[in-house]
Amino acid sequence: MNTVYQPKSIEPKWQKLWEEAHAFEAKSDFSLPKYYCLIEFPYPSGAGLHVGHPRSNTAMDIIARKRRMEGYNVLYPIGWDAFGLPTENYAIANHVAPAKVTRENIDHFRRQLKLLGFSFDYSREVNTTDPNYYKWTQWIFLKLYENGLAYKAEMPINWCPSCKCGLANEEVVNGLCERCGSEVIRKVKNQWMLRITAYAHSLLNGLDSLDFIERVKLQQRNWIGRSEGAEICFDIASTNEKMRVFTTRADTLFGATYMVVSPEHPLIGRLSDRIKNMDELVAYAKEASRKSDFERTELTKEKTGVEIKGIRAINPATAKEIPVWVSDYVLMSYGTGAIMAVPAHDGRDWEFAKKYDLPIVEVVAGGDVQQEAYTDVSTGTIVNSGFMTGMTVEEAKQAMLDKLVEKGLGESKVNYKLRDWVFSRQRYWGEPIPIIHCEQCGPVPLKQEDLPLLLPSVEKYEPTDSGESPLAAIEDWVNVTCPACGGPGKRETDTMPQWAGSSWYFLRYCDPHNQEQFASKEVLDYWMPVDWYNGGMEHTTLHLLYSRFWHLFLHDLGYVSAPEPYLKRTSHGMILGENGEKMSKSRGNVINPDDLVGEIGADAFRMYEMFMGAFDQAIPWSMNGARGCKRFLDRVWRLQGMLDNKCPTITKDMLHPIHTAIKKVSEDFESMKFNTAIAAMMTLVNTFYDKGSVTKGEMRLLLLMLSPVAPHMCEEIWQIQSYGEPIYLQKWPKHEDRYLVLQQVEIAVQINGKVRGRLMVDSSLTTDEANDLLSQNETVRALTEGKQIVKVVFVPGRLLNIVVK
RNA sequence: GCCGCAGUGGUGGAAUGGCAGACACGAUGGACUCAAAAUCCAUUGCCUUCAAAAGCGUGCUGGUUCAAGUCCAGUCUGCGGCACCA
């Protein structure tokens with residue numbers, strides 16, 4: 001008889017047995033009910049597994065293991081998001097091939113994950129850097145291209161001078177490069193773009209029907225930034241030119257006392273003959289374009305601008321001529337690149353008008369517009385506005401819009417903040433973009449049979465100062481014949497961003513070895529959509545949004561049946577160091593998973609990660625807390641010493657504690673309240689210890705409940721005590737309602753809401769019977785002695801509150 | 001500036017409007033031991049008190065209610081997201 005719990009020998013044993021039995025491989029029997037659990041596939045960095053990875057992995061492992069026990073055919077896959085800059089930078093620094101580094105890192109990661117006993121289906125591993133995989137990433141890109149959703153454009157992009165690489169908007173954090181922290185500058189480059197804006201509407205509306213945690217929905221909604229308003233046409237006086245503006249406040253049109261256009265606005269060029277201060281405007285535009293986004297945001301306090309001399313616009317409501325200004329606070333990339341300025345009711349316009357002494361005309365009463373802009377839309381009344389005077393803001397918005405439509409001067413309009421996705425990277429370690437540039441034909445896509453376009457081996461991976469990818473230096477790779485006309489062509493040398501491979505990996509898991517298609521429709525129809533996806537909040541406006549976009553697109557082409565890829569999305573909190581700071585090598589507060597498995601074992605490690613606190617919150621690590629979980633598993637193990645191995649039933653007085661625990665654990669696992677689920681099991685074990693014995697039937701239920709959290713130890717005890725077939729083949733226990741209610745319960749007796757006594761009563765006690773206690777029960781009578789009873793409140797099973805004077 | 005989330009013991013955290021502090025960590029005392037580790041038992045929100053018993057207590061100020069950590073109004077602090085988006 002094993003008297004000491006030894007995870008070191010138990011854990012490898014079961015990991016081997018599970019692997020040999022193919023225990024966790026998803027079955028290809030499509031008649032079974034399916035469940036698809038997904039975690040974000042890791043980036044196999046050289047640093048190895050972080051304690052943050054197991055948080056998400058264990059949570060979904062618990063769900064996956066529970067689902068299997070509930071009879072589902074479960075897909076819980078794993079793979080490697082292996083393209084990316086850190087690997088490339090490591091390769092450059094150490095003069096090794098990125099492919100080799102990647103291979104080693106993956107092997108290291110896989111070994112570390114296997115130590116933790118996750119029930120991944122390793123037979124379906126995908127690797128984004130495998131040509132058999134990125135062939136299909138390139139194929140999807142070509143589909144986007146064929147459908148006009150991938151295009152090349154000359155435009156200012158976010159450029160990281162340190163990474164020597166363009167970045168997507170989503171990769172710029174506070175004006176700094178998300179990867180290296182360098183200040184991002186604006187650089188005009190010819191870039192591949194994906195038209196994600198074409199899906200702004202679907203990406204927004206799709207959210208409504210999805211079971212995503214609210215903060216994910218909210219963050220995506222804010223990022224997409226839908227805004228409803230009107231586009232209004234202003235005439236330019238004494239010309240045939242018109243200028244359109246977008247506004248959400250059509251009700252304030254009478255108060256528009258000037259206009260502002262962005263420095264890049266095309267009107268300036270078109271009217272250059274009439275403009276008297278062209279030199280000044282050109283100089284201003286040049287200055288503005290030099291500013292990085294960081295500088296532009298830093299300078300928010302003080303607005304700058306130049307009046308366009310020689311042209312005036314006409315306010316369509318007042319028919320008055322108003323000046324037109326240029327300022328870089330108006331962005332060319334949003335709306336029409338021009339605004340009507342209503343200084344009385346917009347903070348920015350107000351600030352600008354004060355600085356340049358422009359007229360401020362109040363059109364919504366309620367504030368003092370000489371002191372500050374009055375922007376409240378809920379209480380003000382329209383004034384100084386002709387036919388709209390006296391209306392509320394909402395009424396006036398509609399009235400003005402109707403008037404504009406009638407006169408052909410405007411229309412209702414929806415704008416989104418979402419921008420198209422910069423898809424080019426001037427780096428080596430990414431998927432080559434399968435396009436050939438031909439002087440005759442322009443960009444020509446590769447034919448499907450020519451995919452994958454392999455990433456060639458190069459001598460040097462260093463990015464170039466010219467802003468071209470290292471691929472540009474390989475002449476015999478770059479110079480090819482045009483597939484369309486046979487003339488000379490050059491390959492595209494930019495590569496795709498890391499987000500490309502991760503935008504569809506969950507589809508490949510369904511059919512990972514398919515050589516003919518990215519995945520067959522039949523298989524996709526069975527497995528998709530993903531039933532439950534857990535991942536980090538940091539991906540909300542990156543991977544999560546991008547992959548929804550690709551999936552919506554593939555749905556439109558008919559390759560996948562459902563529009564949305566993920567039915568449910570949850571998110572885990574970060575694990576911080578013991579000092580409450582973010583874990584990092586430089587802070588010296590990193591916990592190494594391998595060391596931890598060596599000290600307390602994988603089961604205790606898994607359990608602690610689930611027990612340490614609320615799953616969705618950031619929590620500091622506590623080594624003592626982790627040891628506490630090991631101590632609990634020791635206690636469970638030692639229950640074998642008091643086990644009545646002959647008794648298959650449950651002792652009468654244990655029915656209530658056990659069924660309560662089953663209910664609590666089952667429900668809490670589903671709502672990811674793992675900490676309270678584990679607490680319930682600890683309470684149950686404490687009850688066994690208090691009683692001094694446990695029957696085989698009682699132990700059986702405990703092991704079944706605990707097995708998703710601590711699978712190795714539970715399987716071991718299960719085997720030692722001869723329960724039969726392994727736990728992973730067993731059924732998940734169900735509670736029975738009739739055991740949840742106790743015969744007798746202790747209730748609190750309150751006087752004016754303060755607890756003054758306790759009483760054991762029948763749990764079926766009615767309100768009438770409770771009222772009888774007032775005269776019949778000694779305790780209650782003593783408490784109310786000499787007092788006038790005003791009111792009695794009885795809450796069954798809880799308390800009796802007597803209100804007295 | 002706007003949007004969201006969170007403030008509960010020494011610590012991590014529990015509490016369908018119904019006995020605040022479950023469960024764990026840590027601490028203190030004790031048992032076992034030559035000793036230590038492990039284990040077991042007891043105590044552990046604050047305060048007054050020999051004790052019995054009472055009072056106070058979920059960031060702060062009010063309100064609703066028989067009853068508020070929970071609901072409402074205001075306010076402070078911390079965290080996260082967005083940010084010249086018209």
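Note on naming: letters A, B, ... go to the chains in the order of the sequence lines (proteins, then strands), and numbering restarts at 1 for each one.
- Taking Lys673(A) as the reference, Asp668(A), Ser671(A), Asn675(A), Thr676(A) meet the side chain to side chain contact (heavy atoms under 4.5 Å, CB included) condition, with sequence neighbours excluded.
- Contacts of Ala614(A) with the nucleic acid, taken as non-hydrogen atoms under 4.0 Å apart, involve only primed sugar atoms and P, OP1 or OP2.
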Return the polar atom pairs (N/O with N/O) between nucleotides 37-40 of chain B and the protein under 3.5 Å, or none.
from: U39(B); atom 1: O3'; to: Arg638(A); atom 2: NH2; distance (Å): 3.3
from: C40(B); atom 1: OP1; to: Arg635(A); atom 2: NH1; distance (Å): 2.7

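- Judged by distance alone, with hydrogens and angles left aside, Lys303(A) brings a side-chain donor or acceptor within reach of the base of C84(B), the pair sitting under 3.5 Å.
- Across all strands shown, U64(B) has no partner, as no Watson-Crick or G-U wobble contact with both distances under 3.5 Å is found.
- Taking atom CG of Leu740(A) as the reference point, atom P of U16(B) lies 16 Å away to the nearest angstrom.
- Evaluation of the side chain to side chain contact (heavy atoms under 4.5 Å, CB included) rule for Gln371(A) yields Asp368(A) as partners, not counting sequence neighbours.
- Nucleotides U49(B) and U11(B) have their P atoms positioned 25 Å apart, rounded to a whole Å.
- Here Phe234(A) pairs with nothing under the ring pair (Phe, Tyr, Trp, His ring centres under 6.0 Å) rule; sequence neighbours left out.
- The pair Glu394(A)-Lys397(A) counts as a salt bridge, with a side-chain nitrogen and a carboxylate oxygen less than 4.0 angstrom apart.
- Arg756(A) comes within 4.0 angstrom of the backbone, heavy atoms only, and of no base.
- Look at CG on Asp616(A): it is 11 Å from P on G13(B), rounded to the nearest Å.
- Rounded to whole Å, the C1' atom of A6(B) lies 11 Å from the corresponding atom of G59(B).
- For A37(B), there is no paired base (Watson-Crick or G-U wobble, both distances below 3.5 Å).
- For the OP1/OP2 pair of C56(B) and a distance below 4.0 Å, the side-chain nitrogens and oxygens of Lys754(A) include at least one atom meeting the criterion.
- Residues passing the ring pair (Phe, Tyr, Trp, His ring centres under 6.0 Å) test with Phe352(A), sequence neighbours excluded: Tyr258(A), Trp325(A), Tyr329(A), Tyr356(A).
- Remark: Thr570(A) engages Trp532(A), Asn534(A) in a side chain to side chain donor-acceptor pair (under 3.5 Å) (not counting sequence neighbours).
- Under the 4.5 Å side-chain criterion, counting only non-hydrogen atoms from C-beta, Pro343(A) is in contact with Thr257(A).
- Screening residues 245-254 of chain A for side chain to side chain donor-acceptor pair (under 3.5 Å) gives Arg249(A)-Asp251(A) as the qualifying pairs, with residues at least two apart or on separate chains.
- Under the side chain to side chain contact (heavy atoms under 4.5 Å, CB included) criterion, Asp772(A) pairs with Gln776(A), sequence neighbours left out.
- Partners of Phe632(A) under the ring pair (Phe, Tyr, Trp, His ring centres under 6.0 Å) rule, at least two apart in sequence or in another chain, do not exist in this structure.
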Tabulate atom names and distances for all N/O pairs under 3.5 angstrom spanning the protein and nucleotides 3-10 of chain B.
none

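- In this structure, Phe611(A) reaches the bases: a heavy-atom distance under 4.0 Å links it to at least one base atom across the strands shown.
- Checked against A86(B), A22(B), G13(B), the side chain of Ile339(A) finds its nearest nucleotide in A86(B).
- With both pairing distances under 3.5 Å, C79(B) is matched to G4(B) as a Watson-Crick or G-U wobble pair.
- Across every strand in view, A42(B) sits in a pair with U28(B) that passes the Watson-Crick or G-U test at under 3.5 angstrom.
- Counting non-hydrogen atoms under 4.0 angstrom, Asn686(A) reaches the backbone sugars and phosphates but no base.
- Distance from the side chain of Asn675(A) is smallest for G13(B) among the nucleotides C23(B), C56(B), G13(B).
- Checked for salt-bridge contact, Glu578(A) and Arg587(A) miss the test: no charged N lies under 4.0 Å from a carboxylate O.
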Please tabulate, one pair per line, each protein N/O and nucleotide N/O from nucleotides 18-21 of chain B that are separated by under 3.5 Å, including the distance.
from: C19(B); atom 1: O2; to: Arg758(A); atom 2: NH1; distance (Å): 2.0
from: C19(B); atom 1: O2; to: Arg758(A); atom 2: NH2; distance (Å): 3.1
from: C19(B); atom 1: N3; to: Arg758(A); atom 2: NH1; distance (Å): 3.0
from: C19(B); atom 1: N4; to: Glu746(A); atom 2: O; distance (Å): 3.0

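- The separation between Met682(A) atom CE and C25(B) atom P is 7 Å, rounded to whole Å.
- Separating the C1' atom of G57(B) from that of A20(B) is a span of 9 Å, rounded to the nearest Å.
- The side chain to side chain contact (heavy atoms under 4.5 Å, CB included) search around Thr375(A) returns Ala373(A), not counting sequence neighbours.
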